[in-house]
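Letters A, B, ... mirror the listed sequences (proteins, then strands); counts begin at 1.
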Amino acid sequence: MIGAIVGVGSTEYSRHSGRSESRLAVEAVTAALADAGLTATAIDGIVCYPDGPPAEDLISGLGLPDVRFTATPHLGGASSVASLQLAGAAISAGVATTVVCVFARNGSSRSRIEDRVDRIVPGQRFRQNLERPHGLSIPAQWYSLICRRHMYEFGTTREQLGSVSLLMRSNAQLNPGAQMYGRELRMEDYLKSPPIALPYLLHDCCLETDGGCAVIVTRLDAARDTRVQPVRIAGVAEGHPNSPDDIASRTPFFETGLRHAARRLFASTGIEPCDVDVAMIYDCFTFEVIHQLEEAGFCDPGQGGPFVESGAASLTGSLPVNPHGGLMSEGHLGGMNHVIEGVRQIRGECADRQVAGAGIAAVTGWGDLGDGSMALLVRDDY
Amino acid sequence: MTTEHPSAERPLPDISDSELAPYWLGAAERRLLVQRCEICGTKRWPPRPACADCGGLHAEWVEVPGTGRVYSWTEVHRTRLDYFRSKMPYTVAVVELADDPRLRMIGLLTVQTGDGPDFGMDVRADFQAINDNVYLVCWRATS
């Protein structure tokens with residue numbers, strides 16, 4: 001792939017931003033432009049996030065003179081990573097030269113998941129007619145069905161789920177920008193947190209957050225002229241499971257889009273899972289981390305729980321996962337914060353949570369009913 | 001969180017939806033119907049516009065036995081649906097049909113025994129009349 005990330009930026013992450021999502025988007029892009037040392041006029045492409053501010057808000061808000069490409073992926077939480085693919089495709093095709101991928105949401109103060117699912121999740125015919133009359137209507141409930149079956153088939157334990165939650169929280173203690181900075185979590189706190197949709201407890205679930213994130217992608221040759229060390233996008237892929245509009249009837253039941261995306265991505269880049277230095281895994285819920293570690297090929301099926309419990313995913317382990325604290329403890333920025341953390345890890349800017357010598361970062365996305373995406377970001381001199 | 005909402009109406013399916021209407025008509029007669037491809041004979045659930053196996057565009061609705069086994073379940077303690085707030089906790093299961101385990105359905109599950117649901121537990125379709133026209137296919141443990 002010929003694209004590179006030359007700028008990343010974000011707002012603060014909070015429970016109540018007190019400003020519009022369009023304003024958050026503009027602030028995040030402005031921060032990313034400053035990071036890149038570019039002016040707004042350089043942007044000629046915009047990839048938006050589903051249910052987020054439209055491109056028009058950015059064109060008017062930033063005064064962009066001639067935007068030539070706009071697009072919105074529709075993979076739920078897998079959209080942030082998938083947006084890198086759209087940006088790269090537009091650049092490769094010569095449709096645009098510099099594309100900004102934007103996420104902005106008042107997910108805590110305005111647009112809670114309960115409100116969003118009816119607008120963005122696929123298969124609404126099945127949701128409305130076959131699930132909601134039975135009281136099933138939110139991701140925690142859908143995904144807990146997969147989690148419970150995984151616990152049965154592979155012996156994944158409550159404590160392994162808890163170890164994911166504790167890892168995200170302990171990593172966030174090294175990230176002053178994280179919403180859960182300064183708020184430690186112990187296993188006993190996890191175990192006694194209230195039930196949401198068993199097996200999911202409160203602390204199996206990610207946060208809801210107000211904030212914005214932006215990532216600027218440009219041609220690799222142009223990237224080498226920018227202010228910061230460019231981070232090369234070695235490759236990006238998206239994937240879709242069978243029965244992407246219905247979890248219950250999926251066969252095989254544990255198949256995700258990430259399985260397909262990761263297989264293609266590792267094959268096309270020549271990078272292998274063991275080459276990856278740090279992984280940002282889309283942690284909407286604890287089990288989804290375990291599941292994606294398996295689906296991406298970092299573990300064998302059924303080994304994700306033991307992997308995390310062993311400490312392999314900790315900052316000093318063989319594959320540090322989410323040094324920033326993830327959606328569970330840094331904030332839920334739709335995974336665009338995972339892309340940003342991947343870039344900053346490669347650039348070596350992460351201070352106390354820096355993974356020493358990180359040269360290859362993997363970033364995954366999980367969205368809707370099992371759509372997946374994955375990017376491999378590498379240091380330019382790697 | 002567990003505030004009673006006695007006036008909240010139960011979320012109802014749209015039984016006139018063209019892709020699901022035969023299923024609801026069957027349920028009102030206490031019969032469990034699924035689609036079957038008229039070309040290759042593969043049964044499918046939920047209903048889809050074409051057969052994923054052969055591409056056949058024509059399907060018929062056929063009755064299958066209303067028996068199955070618990071494949072997975074969730075116990076709901078938090079809901080956005082007002083009607084269900086007073087019902088919590090309640091259990092929603094994925095049931096694999098005895099007739100063809102590739103067919104799995106979602107539904108409220110009732111288990112009378114004290115230990116709650118278990119994997120592979122035998123269940124039977126429980127056609128619950130919600131009003132004169134709507135019969136929901138719920139599940140009940142048969143042990």
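In this structure a side-chain-to-backbone donor-acceptor pair under 3.5 Å is missing from A/Glu255 to A/Pro252. A side-chain donor-acceptor contact under 3.5 Å links A/Gln124 to the backbone of A/Val117. With B/Thr67 contributing its side chain and B/Arg124 its backbone, the two residues share no donor-acceptor pair below 3.5 Å.
Under the 3.5 Å distance criterion, with hydrogens and angles disregarded, no donor-acceptor pair is assigned to the side chains of A/Thr286 and A/Ser165. Side-chain contact check for B/Arg48 and A/Ser243: at least one donor-acceptor pair (N or O, by modelled atom type) lies under 3.5 Å. For the residue pair A/Arg132 and A/Ser137, no side-chain donor N or O sits within less than 3.5 Å of a side-chain acceptor on the partner.
Residues B/Tyr135 and B/Phe127 place their aromatic rings such that the two centres sit no closer than 6.0 Å.
Residue B/Arg44 does not touch chain A at all, counting heavy-atom pairs closer than 4.5 Å. When heavy atoms are compared at a cutoff of 4.5 Å, B/Val137 approaches chain A solely by way of its backbone atoms N, CA, C and O. Looking at A/Arg112, there are no atoms closer than 4.5 Å to chain B (heavy atoms on both sides), in backbone or side chain.
Between chain B and the residues A/Trp142, A/Phe253, A/Tyr200, the largest count of heavy-atom pairs under 4.5 Å involves A/Phe253. Taking chain B as the reference chain and counting heavy-atom pairs below 4.5 Å, the highest number among A/Ile196, A/Asp246, A/Asp245 is found for A/Ile196. Heavy-atom pairs under 4.5 Å with chain B were tallied for A/Glu131, A/Arg125, A/Gln141, A/Gln128; the largest tally goes to A/Arg125.
Taking the six-membered ring where tryptophan is involved, the planes of B/Phe84 and B/Tyr90 are tilted, since the angle between them lies from 30° to 60°.
Considering all non-hydrogen atoms of both residues, A/Arg148 and B/Trp73 come closest at NE-O, 2.5 Å.
Contacts from residues 15-23 of chain B to chain A, taken as heavy-atom pairs separated by less than 4.5 Å, involve B/Asp17, B/Glu19, B/Leu20, B/Tyr23 in sequence order.
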